[in-house]
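Everything on this sheet refers to the single structure shown next.
Predicted model, so just to flag it, every value in this text is computed and none were measured. For reference, positions follow the sequence shown, starting with 1. Atoms within a ligand are numbered from 1 in the order they appear, just like the ligands themselves.
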Amino acid sequence: MHTLHLRADIDGITRAATLLQEGGLVAFPTETVYGLGADATNGAAVASVYAAKGRPAFNPLIVHVASIEDAQRYALWSDAADRLATLWPGPLTLVLPRKPASPLALLTTAGLDSVALRIPAHPVARALLATFGGPLAAPSANPSGRISPTTAAHVADGLTGRIDAIIDGGACSVGLESTILGLTDQNGSTTLLRPGGLPQSVIEAALGAPLTTEDQTSITAPGQLASHYAPNASLRLNATDLRPGETLLGFGPVANATLNLSPGANLTEAAANLFDHLHQLDAAGPAKIAVSPIPDHGLGHAINDRLRRAAAPRDQ
Ligand code: TXA
Ligand code: MG
């Protein structure tokens with residue numbers, strides 16, 4: 001399959017929307033990471049997403065929509081959903097009970113009775129949703145188990161020849177996947193399923209209640225395999241020294257860093273650089289990457305979550 005490279009202008013977006021309507025796969029920028037989009041109502045198109053990514057078929061996909069009204073077509077709504085939806089558009093995904101008579105393909109939600117929904121903020125993603133005119137199922141646009149893409153070049157590296165097109169919208173501003181919240185608990189609590197681009201404090205302020213956190217061993221979000229986001233190199237975290245054979249991914253004013261996530265110790269800048277720097281160091285081929293300590297608050301919580309997964313022993 002030839003993979004088209006499209007510009008993020010009206011012509012490119014129109015071409016992409018047509019490909020999607022025909023059941024094709026198009027990678028597009030969001031503010032978090034690039035998504036690999038397919039028509040969420042077309043089971044064959046969704047199946048080809050799993051095939052292109054080499055993703056285990058039990059893993060459900062996030063459905064991207066243009067508006068809250070659209071989200072309400074696919075999910076059972078609640079007061080908590082209302083409060084959290086004030087944070088849309090943005091790097092937030094809500095897992096809600098799936099409406100029984102939903103037009104979404106069963107494969108999109110991997111047969112679960114819940115559905116993950118998000119309104120992205122990126123202008124190109126919004127223009128694509130508007131032009132396509134329906135829900136887009138979109139996992140991150142990387143081969144399964146690899147680092148998420150934050151540029152069109154990352155997508156091309158992983159998926160060229162396996163998807164129909166890539167819309168180049170430049171680098172993603174957030175650089176970490178969306179925060180995923182579960183709103184399916186009988187007791188009405190809201191659970192943090194995946195830390196991500198929207199900090200917990202911002203979410204709790206909108207919700208007016210604390211989030212509950214998941215038991216680490218749970219498989220509610222099966223994409224949370226420990227070894228997700230794996231680079232080829234091995235990673236050593238919280239490194240305060242540099243050992244023989246290691247290259248340093250720095251944070252803050254450290255010496256000897258090959259690349260630095262944020263020399264000024266800014267967590268927002270570090271999040272935006274995280275996957276790009278991991279891609280770059282991995283491409284340069286060092287066997288071992290040492291990573292400076294990252295403070296575990298705000299976006300640092302999600303950065304450390306991704307780093308732990310990248311450092312975990314490989315299980316696939
Ligand atoms: O920022 C993002 O979230 C990006 C952009 C493209 O939107 N997407 C993304 O998708 O990171 P993906 O497929 O790489 O991760 C989606 C996660 C997976 O861990 C999946 O298991 C979880 O969402 N998920 C999807 N539907 C779910 C559901 N019904 N219940 C629980 N977890 C769900
Ligand atoms: Mg992913």
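Below 3.5 Å of separation, one finds an N or O of Arg194 facing an N or O of ligand 1. Taking only nitrogen or oxygen atoms, main chain and side chain alike, Thr32 reaches within less than 3.5 Å of ligand 1. When only interatomic distances are considered, the shortest N/O to N/O separation between Ser178 and ligand 1 falls below 3.5 Å.
The contact set between ligand 1 and Ala116, taken as ligand atoms under 4.0 Å from a residue heavy atom, comprises 25 (C), 26 (N), 27 (C). Remark: ligand 1 atoms within the under-4.0 Å shell around heavy atoms of His64 are 5 (C), 6 (C), 7 (O). The contact set between ligand 1 and Ser114, taken as ligand atoms under 4.0 Å from a residue heavy atom, comprises 28 (C), 29 (N), 30 (N). Heavy-atom contacts of Pro139 reach the following atoms of ligand 1: 10 (O), 12 (P), 13 (O) (cutoff under 4.0 Å). Here is the list of ligand 1 atoms found below 4.0 Å of a heavy atom in Val33: 4 (C). For ligand 1, the atoms sitting less than 4.0 Å from at least one non-hydrogen atom of Gly35 are 6 (C), numbered in the order shown with element in parentheses. Atoms of ligand 1 found under 4.0 Å from any heavy atom of Leu112 (numbered from 1 in listed order, with element): 28 (C), 29 (N), 30 (N). Here is the list of ligand 1 atoms found below 4.0 Å of a heavy atom in Arg118: 1 (O), 5 (C), 7 (O).
Counting heavy atoms from C-beta on, the side chains of Leu211 and Ile203 come closer than 4.5 Å. Between Glu269 and Pro263 the shortest side-chain heavy-atom distance falls below 4.5 Å.
Counting heavy atoms closer than 4.0 Å to ligand 1, residue Thr109 contributes nothing at all.
The aromatic rings of His154 and His279 lie parallel to each other, with less than 30° between the two planes, well short of the 60° mark.
Checked against Thr30 for a side-chain hydrogen bond (donor to acceptor under 3.5 Å, both in side chains), the options Arg118, His64, His122 give a single hit: Arg118.
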Any chance you could lay out the side chain to side chain contact (heavy atoms under 4.5 Å, CB included) test for Thr32 and Leu176, step after step, and finish with the verdict? CA-CA 5 Å; Thr32 58; Leu176 286 175; over 6 Å; no
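The distance from the Mg ion (ligand 2) to the nearest N/O/S atom of Asn142 is not under 2.8 Å.
At least one heavy atom of Ile62 sits less than 4.0 Å from an atom of ligand 1.
Annotation for Asp185: atom CG counts as buried by contact number, over 12 foreign heavy atoms lying within 6.0 Å.
Under a 3.5 Å cut-off, the side chain of Asp282 and the backbone N or O of Asn232 do form a donor-acceptor pair.
Here NE2 of His277 is found 11.5 Å from CD1 of Ile289. Values are rounded to the nearest 0.5 Å.
Side chain to side chain, Ser148 and Arg306 fail the donor-acceptor criterion of an N or O pair below 3.5 Å.
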